[in-house]
Peer 1: 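After the structure tokens below, expect a handful of questions from me.
Just so it is clear, the values below take in all heavy atoms, side chains as well, and ignore hydrogens, waters and symmetry mates.
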Amino acid sequence: MANPKLKSVTKTPQDANVIARRKPAAVVRTAYSLAEREEIFRRFSVQRPEPRGELEHTNPFTLVVAVALSAQATDVGVNKATRALFKIADTPEKMLDLGEERLRDHIRTIGLYRNKAKNVIALSQMLVDQFGGKVPETRDELVRLPGVGRKTANVVLSMAFGQATMAVDTHIFRIANRIRLAPGKTPDEVEERLMKVIPKHYLYHAHHWLILHGRYTCKARRPECERCVIADLCKSPEKSWDVPAPLVELPPQLFGEAVE
């Protein structure tokens, strides 16, 4: 008896296309080439070689508190309220000794101060009970603290522990979408995309550069394109100027002078 013919298992071009569609290559949404992204952050690095956050703090604990208090408030307003507070309560133990009522008296000029005072006391208690009074150094542990979300955790990881993170606040969310650097519908989506599109060697300072750019140049109401060092590279539909501002290092004393 003759052996039956075996069916060919050779994949047709159509089969190959089906397989290819099942495993699409990961595409990161950005309007800029790698060379353009390199140049954007190179210019930011020249303008502000050592960018810093504008919330005043003395240690990781006071940083956590300051960032938690800054939700829906300005850094300037938080600093005014915490200068006296941190002189007497710069550890979780001292904050608990101060108590919620006296804490409210210190921060009553900050929006939502009653709820924020409860959270600060609760997170201080958790730090004492579960972390030996020390601020944890991982995001998963930080977000367990009352009043601490992903953005706050990322700020603390960066500023207190030197980790490269992307804390997406209102400024960064606006910038990422407005200039089409890493458009996204949610802060988490923008964070994930920024972490992929920003050149790695610029990532550590990138969130401060973007925050300061959004706070003082690419403002919410009207972007001041004539003062922008990346005006020629910017792909924002709102752009009103194509000539980049002079690329010079900003004096440190200019930080924090503008009003949000």
Side-chain angles (χ1 to χ4, degrees), residues 25-55 70 72 74-76 150-151 154-155 158-159 163-260:
V27 177
V28 179
R29 290 180 57 192
T30 182
Y32 301 85
S33 68
L34 177 58
E36 289 171 326
R37 284 176 271 146
E38 285 275 355
E39 180 60 14
I40 286 171
F41 287 96
R42 184 194 71 81
R43 294 186 193 180
F44 286 158
S45 72
V46 172
Q47 189 179 45
R48 293 185 171 96
E50 293 294 332
R52 58 179 174 81
E54 296 182 322
L55 284 173
S70 71
Q72 301 182 45
T74 66
D75 290 358
V76 172
R150 186 179 181 89
K151 187 200 79 172
N154 281 339
V155 172
S158 173
M159 295 179 64
Q163 299 182 31
T165 61
M166 182 56 59
V168 179
D169 68 350
T170 56
H171 296 295
I172 291 183
F173 187 77
R174 180 178 73 254
I175 295 296
N177 280 285
R178 174 185 276 169
I179 73 173
R180 300 166 60 199
L181 176 63
K185 295 180 179 179
T186 67
D188 286 355
E189 194 172 68
V190 168
E191 176 189 339
E192 180 182 3
R193 289 174 177 173
L194 284 172
M195 293 293 288
K196 292 178 180 177
V197 304
I198 295 172
K200 298 299 182 184
H201 47 284
Y202 289 125
L203 194 54
Y204 177 66
H205 286 315
H207 81 284
H208 278 141
W209 284 325
L210 292 172
I211 288 172
L212 294 170
H213 185 64
R215 183 171 292 165
Y216 299 122
T217 305
C218 199
K219 299 178 180 179
R221 292 184 180 179
R222 187 189 75 82
E224 298 181 5
C225 301
E226 66 278 7
R227 298 180 55 239
C228 179
V229 296
I230 62 168
D232 57 325
L233 299 171
C234 178
K235 300 181 188 297
S236 171
E238 300 177 49
K239 185 172 71 169
S240 60
W241 196 260
D242 287 321
V243 180
L247 186 58
V248 296
E249 181 177 342
L250 295 179
Q253 62 268 25
L254 291 183
F255 287 8
E257 287 189 357
V259 177
E260 292 185 72

Peer 1: At their closest point, which heavy atom of Arg174 faces which heavy atom of Cys218, and how far apart are they?
Peer 2: NH2-O, 3.0 Å

Peer 1: Run Met166 and Arg193 through side-chain contact (heavy atoms from CB on, under 4.5 Å) and show every step you take.
Peer 2: CA-CA 10 Å; Met166 182 56 59; Arg193 289 174 177 173; over 6 Å; no

Peer 1: Rounded to the nearest 0.5 Å, how far apart are CZ of Arg52 and CD1 of Ile211?
Peer 2: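 That separation rounds to 13.0 Å.
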
Peer 1: Report the distance from atom CD of Glu249 to atom CD of Glu50, rounding to the nearest 0.5 Å.
Peer 2: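 One gets 9.5 Å once the value is rounded to the nearest 0.5 Å.
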
Peer 1: At their closest point, which heavy atom of Ile198 faces which heavy atom of Ala206, and how far apart are they?
Peer 2: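 Closest approach of Ile198 to Ala206, heavy atoms only: CD1-CB, 3.7 Å.
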
Peer 1: Answer yes or no: is there a donor N or O on one side and an acceptor on the other, between the side chain of Ser158 and the main chain of Ala164, under 3.5 Å?
Peer 2: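 Checked: no pair found.
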
Peer 1: Would you mind writing out the side-chain donor-acceptor pairs for residues 240-247 within the sub-3.5 Å range, not counting sequence neighbours?
Peer 2:
residue, atom, partner, partner atom, Å
Trp241, NE1, Val243, O, 3.1
Asp242, OD1, Lys239, NZ, 3.1

Peer 1: Go through Tyr216 and Glu224 one step at a time and tell me if the side-chain contact (heavy atoms from CB on, under 4.5 Å) criterion holds.
Peer 2: CA-CA 8 Å; Tyr216 299 122; Glu224 298 181 5; over 6 Å; no

Peer 1: Over all heavy atoms of both residues, which pair between Pro187 and Val168 is shortest? Give the atoms and the distance, please.
Peer 2: O-CG2, 3.7 Å

Peer 1: So, using side-chain hydrogen bond (donor to acceptor under 3.5 Å, both in side chains) as the criterion, who are the partners of Glu189 when residues are at least two apart?
Peer 2: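 For Glu189 there are no side-chain hydrogen bond (donor to acceptor under 3.5 Å, both in side chains) partners, ignoring immediate neighbours.
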
Peer 1: Can you spot which of Asp169, Thr170, Ile175 makes a side chain to side chain contact (heavy atoms under 4.5 Å, CB included) with Ile172?
Peer 2: Asp169

Peer 1: To the nearest 0.5 Å, how far apart are CD in Glu39 and OH in Tyr32?
Peer 2: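 With rounding to 0.5 Å, CD (Glu39) is 12.5 Å from OH (Tyr32).
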
Peer 1: Which heavy atom of Ala182 sits nearest to which heavy atom of Val190, and what is that distance?
Peer 2: O-CG2, 3.8 Å

Peer 1: Kindly indicate, with the supporting measurements, whether the criterion side-chain hydrogen bond (donor to acceptor under 3.5 Å, both in side chains) is fulfilled by Glu38 and His201.
Peer 2: CA-CA 9 Å; Glu38 285 275 355; His201 47 284; 3.0 Å; yes

Peer 1: So, using ring pair (Phe, Tyr, Trp, His ring centres under 6.0 Å) as the criterion, who are the partners of His205 when residues are at least two apart?
Peer 2: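 Checked His205 against ring pair (Phe, Tyr, Trp, His ring centres under 6.0 Å); matches are Trp209.
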
Peer 1: Please tabulate, one pair per line, all N/O donor-acceptor pairs under 3.5 Å involving side-chain atoms of residues 229-237, not counting sequence neighbours.
Peer 2:
residue, atom, partner, partner atom, Å
Asp232, OD1, Arg43, NH1, 2.6
Asp232, OD2, Arg43, NH2, 3.2
Lys235, NZ, Glu36, OE2, 3.3
Ser236, OG, Arg178, O, 3.1
Ser236, OG, Glu238, N, 3.0

Peer 1: In Å and rounded to the nearest 0.5 Å, what is the OG1 to CD distance from Thr217 to Glu226?
Peer 2: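 Reported value, rounded in 0.5 Å steps: 9.5 Å.
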
Peer 1: Looking at Val197, Leu194, Ile179, which one forms a side chain to side chain contact (heavy atoms under 4.5 Å, CB included) with Thr30?
Peer 2: Val197

Peer 1: Please walk me through it: do Arg215 and Asp75 pass side-chain contact (heavy atoms from CB on, under 4.5 Å)?
Peer 2: CA-CA 11 Å; Arg215 183 171 292 165; Asp75 290 358; 3.3 Å; yes

Peer 1: How long is the span from the CZ atom in Phe173 to the CG atom in Leu210, to the nearest 0.5 Å?
Peer 2: 14.0 Å

Peer 1: I'd like to check the salt bridge (Lys or Arg N to Asp or Glu O under 4.0 Å) partners of Arg150; sequence neighbours left out, ordered by chain and number.
Peer 2: Glu191

Peer 1: My understanding is that only residues two or more places apart in sequence, or in another chain, count here; which of them pass ring pair (Phe, Tyr, Trp, His ring centres under 6.0 Å) with His213?
Peer 2: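 Expected list: Phe44.
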
